[in-house]
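Below is one structure, written out as structure tokens; the observations come after it.
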Amino acid sequence: MAWQRKILRVDLTAGTCTQEALNMEWAKAYLGQRGLATKYFVEEVAPSVEPLSPANKLIFATGPLTGTMASTGGRYSVITKGPLTGAIACSNSGGYWGAELKMAGWDMIIFEGRAATPVYLHLENDTATLHDASDLWGKTTWETEPALRKKHQDSQLKISSIGRAGENGVLYAAIINDLHRAAGRSGVGAVMGSKNLKAIAVRGTLGVAGIKDPKAFMKATAAAKKVLADNAVTGEGLPKFGTQVLMNVINESGAMPTRNAQDIQFDGAKDISAEAMHAPRVTDGKANLVTNQACFGCTIACGRISKIDQTHYTVVNKPEYWGASGGLEYEAAWALGSANGVNDLEALTFANFLCNEDGFDPISFGATVGAVMELYEMGVLTKEQLGIEAPFGSAKALTYFAGLTARGEGFGQEIGLGSKRLTAKYGHPDLSMTVKGQEFPAYDPRGIQGMGLTYATSNRGACHLRSYTVASEILGIPIKTDPLATEGKAGLVKAFQDATAVFDSAGICVFTSFAWTLVDVAPQLEAACEGDWSLDNLNVVGERIWNMERQFNNAAGFTAKDDSLPKRLLTEAAKTGPAKGLVAGLSKMLPEYYSERGWDTEGRPTAATVERLGL
Amino acid sequence: MMKSLHIEAAKCTGCLQCEMACSFENYGVFNPAKSRIKVFEFHDTGTKVPYTCTQCAEAWCLKACPVDAITKDKHTGAMMVNEATCVGCKVCTIACPFGTINYVADTGKVQKCDLCEGSPACADACPTGAITYIDADSTGIDRMRSWAAKLENQTVGHAD
Ligand code: SF4
Ligand code: SF4
């Protein structure tokens with residue numbers, strides 16, 4: 001039993017912490033983390049719940065492989081109803097915090113209600129206590145972490161917290177752990193803020209014992225680690241270049257949404273790429289990238305640690321930003337860079353630091369700035385309103401907006417609502433590059449058709465991490481498909497969605513899936529956990545989780561109409577690159593996808609599907 | 001041949017596979033809190049440094065122990081704690097300048113790295129080569145080789 005079989009329920013309204021036994025029947029059907037926490041969530045929360053109300057719940061959940069020697073076994077997810085989308089939200093983070101929670105003896109924490117005044121939770125193995133956090137309110141995550149270590153005189157405390165963005169209701173506020181790892185998307189940080197919950201500080205010294213068959217487990221995990229080490233992407237590409245390995249590849253494939261998706265290739269991509277992060281700067285002769293870094297248990301180590309040039313305008317006389325911290329991942333480099341036409345690597349790194357420091361999602365933030373810049377160029381938004389001239393390509397505007405959004409000042413308050421609400425307010429809703437209210441990330445569906453279907457059907461709003469068909473369409477993993485074709489993508493997207501749901505529920509990082517398939521995951525789970533974790537059953541578990549999320553969204557009011565894409569992607573053809581002349585062919589894929597899923601034409605699981613999956 | 005743990009901090013990614021391997025080897029549990037090797041992260045510089053007992057030739061802990069519970073293993077050279085003899089007085093933890101021998105409240109004894117009878121689990125688990133178990137007399141050989149390579153380049157240059 002790789003589960004700890006224990007959950008902590010924290011009623012913030014009443015100020016109580018109670019221990020409950022994990023529902024093992026559910027664990028055997030939904031595995032852990034994303035799947036299992038979503039099961040708890042849909043059983044306990046009405047789909048109509050107002051996301052920022054006390055009736056919404058916020059679950060922090062680990063998986064059975066979290067805190068074990070399975071490679072990348074350090075993940076946790078945050079599950080809630082998202083304020084950006086109104087859909088189920090599930091954001092996954094690495095670093096060390098998730099493993100620490102598991103080591104303290106818990107599978108998950110369910111927060112409910114709302115504290116009257118700011119609080120934080122201190123968890124030391126079995127002992128859970130709520131403390132006053134008034135003195136931490138208004139502080140950044142970078143201030144909160146050392147303050148809590150000092151207060152508890154425990155240098156080994158691991159902390160997950162919100163910054164000012166979460167407090168101020170930025171609808172895409174993130175939850176940050178270990179200074180720069182994020183449960184980044186869909187506004188889980190805003191829900192935490194709405195509950196007056198500032199932080200969770202954990203120290204776990206109990207460890208993870210009770211692996212079902214330790215010998216088999218060590219053998220299975222060692223074999224799986226070898227697969228990662230021998231693979232070109234997980235063994236070489238990611239450790240050396242991080243996810244930024246994609247910047248030039250995607251740009252050359254003509255699939256990089258640029259300047260609010262007006263273009264599909266970015267002339268400045270090379271300036272903000274992995275190669276640029278490695279190159280010595282002209283100013284100080286040092287590279288932006290300092291080193292790579294792993295999350296707990298990870299033998300890939302894709303993380304970027306960067307230092308900003310001390311003479312760069314963003315940090316002159318600000319030594320607090322001179323140290324090393326979390327550098328640019330591909331999605332952030334794209335959102336802060338290409339989406340706005342900005343090619344200043346140091347400015348992007350600075351904006352990314354601010355996203356971590358005050359806890360907000362660089363994808364939604366960057367893409368919203370892209371919409372603001374387009375509105376500025378159209379004359380709809382003016383310098384007077386914005387506080388700065390904001391044409392595409394302005395690094396100064398980008399970093400200025402990042403500061404405003406972090407602090408909740410001026411026009412930053414509007415940027416903090418995301419592009420859907422902002423563009424609607426100024427009369428141009430079609431300029432919002434969102435699905436279900438969430439900004440889509442760094443792959444243009446006109447150049448990678450499968451990603452169009454991925455965004456349209458993602459249960460948490462537009463997202464690349466729900467079915468990363470880029471792997472197949474561009475990198476040929478596990479098989480190469482044509483990125484410009486729509487044929488066969490319905491089945492491909494379904495297969496990726498179901499498999500990813502398993503990765504996200506096991507406690508491991510989805511980046512392992514560049515090298516692993518469920519064939520590699522199954523033996524690790526089988527050795528660790530009781531229950532049937534054969535390949536066949538894992539496919540069913542993944543499909544079950546996907547349909548459960550879908551049912552919640554349907555009940556929350558989403559219909560087939562919401563499985564759509566921004567008009568621009570459907571009507572304005574790509575101007576350059578291999579996809580020149582193409583729009584996103586969503587209508588060619590969606591009906592087939594519904595039928596592959598066993599859903600009716602309205603996108604609802606049929607009675608037969610519900611029964612087959614035991615929902 | 002006597003071997004010793006060799007640590008190259010620059011290669012460490014901070015994955016903690018070594019800490020889990022250590023606790024699993026000694027206690028059958030994945031628990032960095034029980035690990036005898038510790039990885040320290042220095043955030044401002046981005047450095048990670050694995051640190052454990054270096055098995056001193058003249059060990060402070062061994063000399064300090066009032067009940068002779070610490071002895072040197074003939075084959076591995078490791079300072080070994082005999083749990084049956086140890087009275088948990090913690091004098092060794094005061095004597096050790098490096099902090100690598102520690103009291104365990106659960107057992108009432110001290111613990112330290114014992115080199116896993118000659119096949120250290122941490123070195124085995126480390127995915128990056130930051131920890132290796134090599135000939136104790138030439139732990140510097142790789143570093144010498146990399147500097148020698150610079151000379152080699154120069155030599156080639158001169159011949160032109
Ligand atoms: S692959 Fe990257 S994100 Fe995933 S666990 Fe490893 S370091 Fe963390
Ligand atoms: S296993 Fe190796 S790379 Fe990982 S933390 Fe330990 S020394 Fe560092």
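Throughout, protein chains are lettered first and strands after them, A, B, ... in sequence-line order, and every chain is numbered starting at 1.
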Please check if the distance between the ring centroids of Phe350(A) and Tyr321(A) is under 6.0 Å. yes
Is [X] close to chain B through its backbone or its side chain, or both, or neither, when contacts mean heavy atoms under 4.5 Å?
| X | answer |
| --- | --- |
| Leu179(A) | side chain |
| Thr205(A) | both |
| Lys102(A) | neither |
| Met103(A) | side chain |

Using non-hydrogen atoms only, which part of [X] is less than 4.5 Å away from chain A: side chain, backbone, both, or neither?
| X | answer |
| --- | --- |
| Ala10(B) | neither |
| Phe24(B) | side chain |
| Glu41(B) | side chain |

So, are Arg181(A) and Glu145(A) salt-bridged, with charged N and O less than 4.0 Å apart?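 Salt bridge absent between Arg181(A) and Glu145(A).
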As an exercise: rank Cys15(B), Pro32(B), Ala21(B) by heavy-atom pairs under 4.5 Å with chain A and give me the winner. Cys15(B)
Between the side chains of Gln111(B) and Tyr27(B), is a donor N or O closer than 3.5 angstrom to an acceptor N or O?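 A pair is found: one side chain offers a donor N or O, the other an acceptor, under 3.5 Å apart.
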Between Asn288(A) and Thr349(A), is any side-chain donor less than 3.5 angstrom from a side-chain acceptor?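 Result is yes, a qualifying pair exists.
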Sole candidate of Arg203(A), His122(A), Arg149(A) that passes side chain to side chain donor-acceptor pair (under 3.5 Å) when paired with Asp154(A): Arg203(A)
Is the number of heavy atoms from other residues, nucleotides or ligands within 6.0 Å of CD (Gln153(A)) greater than 12? no
